[in-house]
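One-based numbering, in listed order, for ligands and for the atoms of each.
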Amino acid sequence: MIDEAQREQLREEGFCIFPGALSGRDLDRARTGLDHGIAVTERTLGTTHIPSLDPNAANIRINNLPAIDPIFIELLLRQDALDAVRAVLGEHILVSNFTANIALPGSGSMKLHSDQALTVPPPWPHPWACNIIWCLDDVTEANGATRYLPQSHRFRSLEDVPADAIDATLPFEAPAGSFIVMEGRLWHTSGKNTTSDERRRMMFAYYSSDFIRQQMNWAFTLPAEVQAEMSRAARHLFGLAPMGNTRIGAQLTTLDDGAHQRA
Ligand SMILES: O=C(O)CCC(=O)C(=O)O
């Protein structure tokens with residue numbers, strides 16, 4: 001469960017860390033699932049390098065984790081992760097995307113960005129996105145820990161991002177099995193892996209408020225057999241229910257009542 005100190009850190013610093021969230025069999029299942037994801041990606045796309053994201057092929061990118069292994073859907077539905085996301089976004093959330101970035105020795109930094117800026121135009125007065133970053137290895141500055149710009153979750157537009165932002169970034173260091181909660185407005189980038197032999201495996205579970213269009217069109221990208229196995233709760237979290245954005249209906253009822261009273 002998320003405690004008051006973690007809630008406060010999320011508000012004041014835009015992140016908090018849960019050490020020891022994943023261990024034993026589940027950590028092994030996640031690592032095995034990711035290995036499978038690498039094989040599937042190499043087989044289907046012929047490469048795990050996305051040149052528009054990373055400067056060289058030492059970053060291995062795996063997209064659409066929920067299609068690869070049920071452990072990834074389980075992680076998305078973990079109560080501790082959902083509690084943390086809801087502490088940032090409120091009750092009504094959807095899974096927008098779930099991807100992995102494995103930084104091998106020699107990997108470089110991607111461009112600094114905030115995840116909210118990727119899906120919502122400015123201004124950004126509220127958090128409408130939140131990442132749960134699952135660490136499958138000990139993550140250190142040397143092996144390419146994600147770097148964040150302190151206090152950047154207070155930026156409201158692109159003009160607020162300083163030109164020398166990258167120099168002021170700090171690493172999120174965390175032991176294997178941790179998850180890092182990062183609110184969507186915190187500007188960040190991947191670090192460089194300067195080790196000779198360490199692999200940094202991190203997975204990015206990206207949730208957003210339910211009135212924002214998801215990055216992935218899950219109805220299209222999740223195979224029918226995966227959708228058929230999903231629980232009702234999972235379908236709801238992925239936005240796979242028959243109805244989409246319908247919450248405004250409750251407000252119309254209230255408005256109607258007001259109009260009736262005025263009439
Ligand atoms: O791998 C990292 O440390 C950051 C990745 C990231 O921010 C992204 O893929 O958008």
Side-chain angles (χ1 to χ4, degrees), residues 14-18 30-31 34 37-38 41 45 47-66 68 72 75-76 85 88 95-120 124 127-150 152-153 155 158 161 165-166 168-195 198-208 212 214-216 221:
F15 74 92
C16 68
I17 299 182
F18 284 66
R31 287 171 170 162
L34 199 55
I38 296 172
T41 306
L45 301 181
T47 180
T48 53
H49 179 211
I50 305 184
S52 57
L53 290 183
D54 300 309
N56 66 54
N59 280 99
I60 297 178
R61 296 278 182 170
I62 311 298
N63 287 326
N64 203 359
L65 291 175
I68 288 167
F72 299 123
L75 292 182
L76 287 166
V85 173
V88 179
V95 179
S96 185
N97 208 344
F98 194 13
T99 60
N101 185 10
I102 303 167
L104 300 178
S107 65
S109 257
M110 64 187 301
K111 288 207 167 66
L112 192 74
H113 61 282
S114 89
D115 293 323
Q116 185 155 314
L118 300 178
T119 51
V120 185
W124 304 297
W128 289 316
C130 181
N131 245 303
I132 298 290
I133 309 176
W134 293 94
C135 306
L136 299 189
D137 294 302
D138 291 338
V139 174
T140 64
E141 178 163 27
N143 71 16
T146 306
R147 304 186 68 85
Y148 70 98
L149 182 64
S152 55
H153 64 304
F155 295 171
L158 286 177
V161 185
I166 195 73
T169 59
L170 297 175
F172 284 130
E173 296 198 310
S178 307
F179 69 72
I180 300 163
V181 189
M182 179 175 71
E183 81 126 275
R185 296 175 300 173
L186 198 68
W187 287 72
H188 63 279
T189 181
S190 48
K192 298 176 180 166
N193 186 337
T194 57
T195 69
E198 286 181 34
R199 189 165 54 152
R200 186 225 71 169
R201 290 169 289 186
M202 296 175 97
M203 307 192 300
F204 297 82
Y206 181 32
Y207 302 80
S208 52
I212 291 164
Q214 295 141 281
Q215 284 193 318
M216 291 291 268
T221 54

Exercise. Side chains of Thr99 and Asn97: is there a donor and an acceptor less than 3.5 Å apart?
Worked result: no
Exercise. Going by atom types alone, do Asn101 and Asn59 pair a side-chain donor with an acceptor below 3.5 Å?
Worked result: yes
Quick one: ligand 1 N/O to protein N/O pairs below 3.5 Å?
| residue | atom | partner | partner atom | Å |
| --- | --- | --- | --- | --- |
| ligand 1 | 1 (O) | Asn101 | ND2 | 2.7 |
| ligand 1 | 1 (O) | Arg200 | NH1 | 3.4 |
| ligand 1 | 1 (O) | Arg200 | NH2 | 2.8 |
| ligand 1 | 3 (O) | Thr146 | OG1 | 2.6 |
| ligand 1 | 3 (O) | Arg200 | NH1 | 2.8 |
| ligand 1 | 7 (O) | His113 | NE2 | 3.1 |
| ligand 1 | 7 (O) | His188 | NE2 | 3.0 |
| ligand 1 | 9 (O) | Arg61 | NH1 | 2.6 |
| ligand 1 | 10 (O) | His113 | NE2 | 3.0 |

Exercise. Considering residues at least two apart in sequence or located in another chain, which fulfil the ring pair (Phe, Tyr, Trp, His ring centres under 6.0 Å) criterion with Tyr148?
Worked result: Phe15, Phe172
Problem set entry | Set of ring pair (Phe, Tyr, Trp, His ring centres under 6.0 Å) partners for Tyr206, sequence neighbours left out | none
Exercise. Quick one: salt bridge (Lys or Arg N to Asp or Glu O under 4.0 Å) partners of Arg200, sequence neighbours excluded?
Worked result: none
Exercise. Would you call Asp137 and Arg199 a salt bridge, taking side-chain N to carboxylate O under 4.0 Å as the test?
Worked result: no
